[in-house]
Amino acid sequence: MQDKLLIYNTLSRKKEQFKPLNPPHVGLYVCGPTVYGDAHLGHARPAITFDLVFRYLKHLGYKVRYVRNITDVGHLVNDADEGEDKIAKKARLEQLEPMEVVQFFTDRYHKNMEDLNTLKPSIEPRASGHIIEQMELIDKILENGFAYESDGSIYFDVEAFSKKFDYGKLSGRKIEELMANTRELEGQSEKKNSFDFALWKKATPEHIMRWPSKWSDGFPGWHLECSAMSQKYLGGEFDIHGGGLDLQFPHHECEIAQSTAAYGHEAVHYWMHNNMITINGQKMGKSLGNFITLDQLFGGDNDVLEQAYSPMTVRFFILQAHYRSPLDFSNDALKAAEKGFNRLMAAIKTLNKIQTSNESTVDVKALQEKCYEALNDDINTPILIAHLFDGVKSINSLADGKEKITAEDLEQLKKLYTEFTFDILGLKEEGESEGSDELLGKVVELLLNTRMEAKKNKDWATADRIRDELTQMGIVVKDTKDGFDWEVAN
RNA sequence: GGUCUCUUGGCCGAGUGGCUAGGCAGUGGUCUGCAAAACCAUCUACGGCGGUUCGAAUCCGCCAGAGACCUCCA
């Protein structure tokens, strides 16, 4: 099964067979968030996409080391290596120590990720904890002649690099075009070329996040951390590097340049990029201010939201699109995802009510093969989900007695749904009485049991009264074949 | 302006040179004291114009529209 996995490699713009460097080990590095604000819907996409890659590779039997960093230094507010550090700016505005900002938003990010049921990375390094490693990397690049010092700052010499290597291969850019097209920006006199990027920045007096170095008191450039930390934890060469499509240039291009300049060869074998989440057809982003944070989404607390959407609804929404396609946010789409997700979960519960037979009219093995085929084709989750929904029809038919299944096949079917839905897609049941109010649950059940008795006695007045009054309190009552079901309305 | 990508039914979204993805909504039905839910069935679309081909929504060209990157962004 392992050798059938195809992954789209941004470097080659093709689907390639996935061959790890040192099987069964796989190294996976993903660019994590810059923790100066709450995570929004856009952040959920890479987190879920690469959580899926992580889960699937593990399912296939690989031993995966998944590294996802926390950017807590070096990411500047403005362009062209000028301007304030994002973290420092937030700290100044909130009158906090920068690391307080970092801690606060890191904790919130973790909470969001936990809600979305993403697995924790194997290692979650912070940029500020790897200043030494970044300095060492700068030294190597300087030694090899691909960087220069300018008034205490170190810049990567793109022109020198491109004489020997291909700068722009990932994003499909050419150095001549960059020369011709890069806008002239102010305050760049320190750089030889406007497209050179900072490896080390000398700190201005008011800059609070600073470290001593032989060049100046300063801080590392943003692109450097990923090169340094991936190298440290995954080695000079590793399998997969992931991130959002918007990081392709310049961030990932610069990473390639740095690693190549330092070690003479590229570090990454497979580059994977998830596409963007859009809202009204436009990218959801901090700079546009059109983002919806995950907390808002889960709480329904944003003007564009018609209701709250649970974490699993959001996860399912994202999984219903292929990771390389743009995905447009809308209330209708989220509501559709919510219903679809519930249908899938209901069918999985139904699996436990199926009577077995001495023959099968459903082909579990074929379904399983289709599911693997979908994932092996560049992690095609929408196709996988379509197959799972085909299976839902079979499950419902089985429960109705229209189809038959042997005990052995039923076990396989259950296993299939457990593996693909829970283990790989990372979906999970969201409890009806969410909010964990056990007492409420007991009271409601008592009332509904009373209602069942009333129904049995054809005392419709009492039965309806209980139902109506519960409805008024926001508890939805649903009669089922053999009893009742209830949930707290959103 | 440069580079690249996309345009699928009411909505969201896959995919493929010929074999009706899937979900949601709608419609019809089953079930039910009623209601809701659930389940079953159904709805056959690929921006426009040319070209290649026995055959194109799928390949090529042109046109129109949208987006991404080129500056921080997942």
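Residue numbers start from 1 in every chain, and the chains themselves are labelled A, B, ... in the order their sequence lines are given, proteins ahead of strands.
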Just by modelled atom types, is the A:Val101 backbone N or O under 3.5 Å from a matching donor or acceptor in the A:Glu94 side chain?
no
Considering just the side-chain nitrogens and oxygens of A:Asn380, establish if one lies under 4.0 Å of OP1 or OP2 belonging to B:rG15.
yes
Separation of the P atoms in B:rC11 and B:rU44, to the nearest angstrom:
15 Å
Report yes or no: does A:Asn274 contribute a side-chain atom to a donor-acceptor pair with the main-chain N or O of A:Tyr323 at less than 3.5 Å?
no
Can you confirm if the NZ or CZ of A:Arg324 lies within 45° of the ring axis of A:Tyr8 and under 6.0 Å from the centre of its six-membered ring?
yes
Listed nucleotide nearest any side-chain atom of A:Lys86, set B:rC11, B:rC72, B:rA74
B:rC72
What pattern of brackets, bars and dots sums up RNA chain B from 5' to 3', given Watson-Crick or G-U wobble pairs under 3.5 Å, [ ] for crossing pairs and | for another strand?
((((((((.[[[)....(...]]].(((((.......)))))....[[[[[..)....]]]]])))))))....
Would you list the protein and nucleotides 33-38 of chain B atom pairs, both N or O, that sit under 3.5 Å from each other?
unit_1: B:rG33; atom_1: N1; unit_2: A:Asp464; atom_2: OD1; d: 2.9
unit_1: B:rG33; atom_1: N2; unit_2: A:Asp464; atom_2: OD2; d: 2.8
unit_1: B:rC34; atom_1: O2; unit_2: A:Arg467; atom_2: NH2; d: 2.9
unit_1: B:rC34; atom_1: N3; unit_2: A:Arg467; atom_2: NH1; d: 2.9
unit_1: B:rC34; atom_1: N3; unit_2: A:Arg467; atom_2: NH2; d: 3.2
unit_1: B:rC34; atom_1: N4; unit_2: A:Arg467; atom_2: NH1; d: 3.3
unit_1: B:rC34; atom_1: N4; unit_2: A:Asp479; atom_2: OD2; d: 3.1
unit_1: B:rA35; atom_1: N6; unit_2: A:Asp479; atom_2: OD2; d: 2.9
unit_1: B:rA35; atom_1: N1; unit_2: A:Arg467; atom_2: NH1; d: 3.2
unit_1: B:rA35; atom_1: N3; unit_2: A:Arg467; atom_2: NH1; d: 3.0
unit_1: B:rA36; atom_1: N1; unit_2: A:Asp479; atom_2: O; d: 2.9

Nearest-neighbour nucleotide for the A:His40 side chain, B:rA74, B:rA14, B:rG23 considered
B:rA74
Touch class at under 4.0 angstrom, heavy-atom based, for A:Asp328 against every strand present:
sugar-phosphate
Classify the nucleic acid contact of A:Thr49 as base, sugar-phosphate or nothing, counting any heavy atom under 4.0 Å across all strands shown.
nothing
With rounding to the closest Å, how many angstrom separate the P atoms on B:rU58 and B:rC6?
13 Å
Check whether any side-chain N or O of A:Thr34 sits under 4.0 Å from OP1 or OP2 of B:rC72, and answer yes or no.
no
Under 3.5 Å donor-acceptor, A:Asp51 side chain and A:Leu119 backbone:
yes
Pairs under 3.5 Å (N/O, protein and nucleotides 65-69 of chain B):
unit_1: B:rA68; atom_1: OP1; unit_2: A:Lys283; atom_2: N; d: 3.3
unit_1: B:rC69; atom_1: OP1; unit_2: A:Lys283; atom_2: NZ; d: 2.3
unit_1: B:rC69; atom_1: O2'; unit_2: A:Arg173; atom_2: NH2; d: 2.8

Those residues that, when tested against A:Tyr417, pass ring pair (Phe, Tyr, Trp, His ring centres under 6.0 Å) (two or more places apart):
none
Of the nucleotides B:rC11, B:rA74, B:rC12, which has the atom closest to the A:Ala333 side chain?
B:rC12
Toward the 5' end of RNA chain B, which comes first, A:Ala336 or A:Gly42, by nearest nucleotide?
A:Ala336
Remember a base hit wins even if backbone is also touched, and classify A:Lys393 as base, sugar-phosphate or nothing at under 4.0 Å, heavy atoms.
sugar-phosphate
Tell me whether the rings of A:Tyr56 and A:Tyr372 are parallel (<30°), tilted (30 to 60°) or perpendicular (>60°).
tilted
Go through the structure and list residues passing side-chain contact (heavy atoms from CB on, under 4.5 Å) with A:Tyr66, not counting sequence neighbours.
A:Leu28, A:Val30, A:Phe50, A:Phe54, A:Arg68, A:Pro121, A:Ser122
Assess A:Lys286 against A:Tyr36: is NZ or CZ under 6.0 Å from the centre of the six-membered ring, and within 45 degrees of the ring's axis?
yes
Collect all protein-nucleotide pairs involving nucleotides 42-46 of chain B in which both atoms are nitrogen or oxygen and the distance is under 3.5 Å.
none

Return the nearest nucleotide to the side chain of A:Ala386; candidates are B:rA21, B:rA74, B:rC40.
B:rA21
Once you measure the plane-to-plane angle for A:His40 and A:His43, does it fall in the parallel (<30°), tilted (30-60°) or perpendicular (>60°) bin?
tilted
Let's see if you can work this out: which of B:rA74, B:rG22, B:rG15 has an atom nearest to the side-chain heavy atoms of A:Arg45?
B:rA74
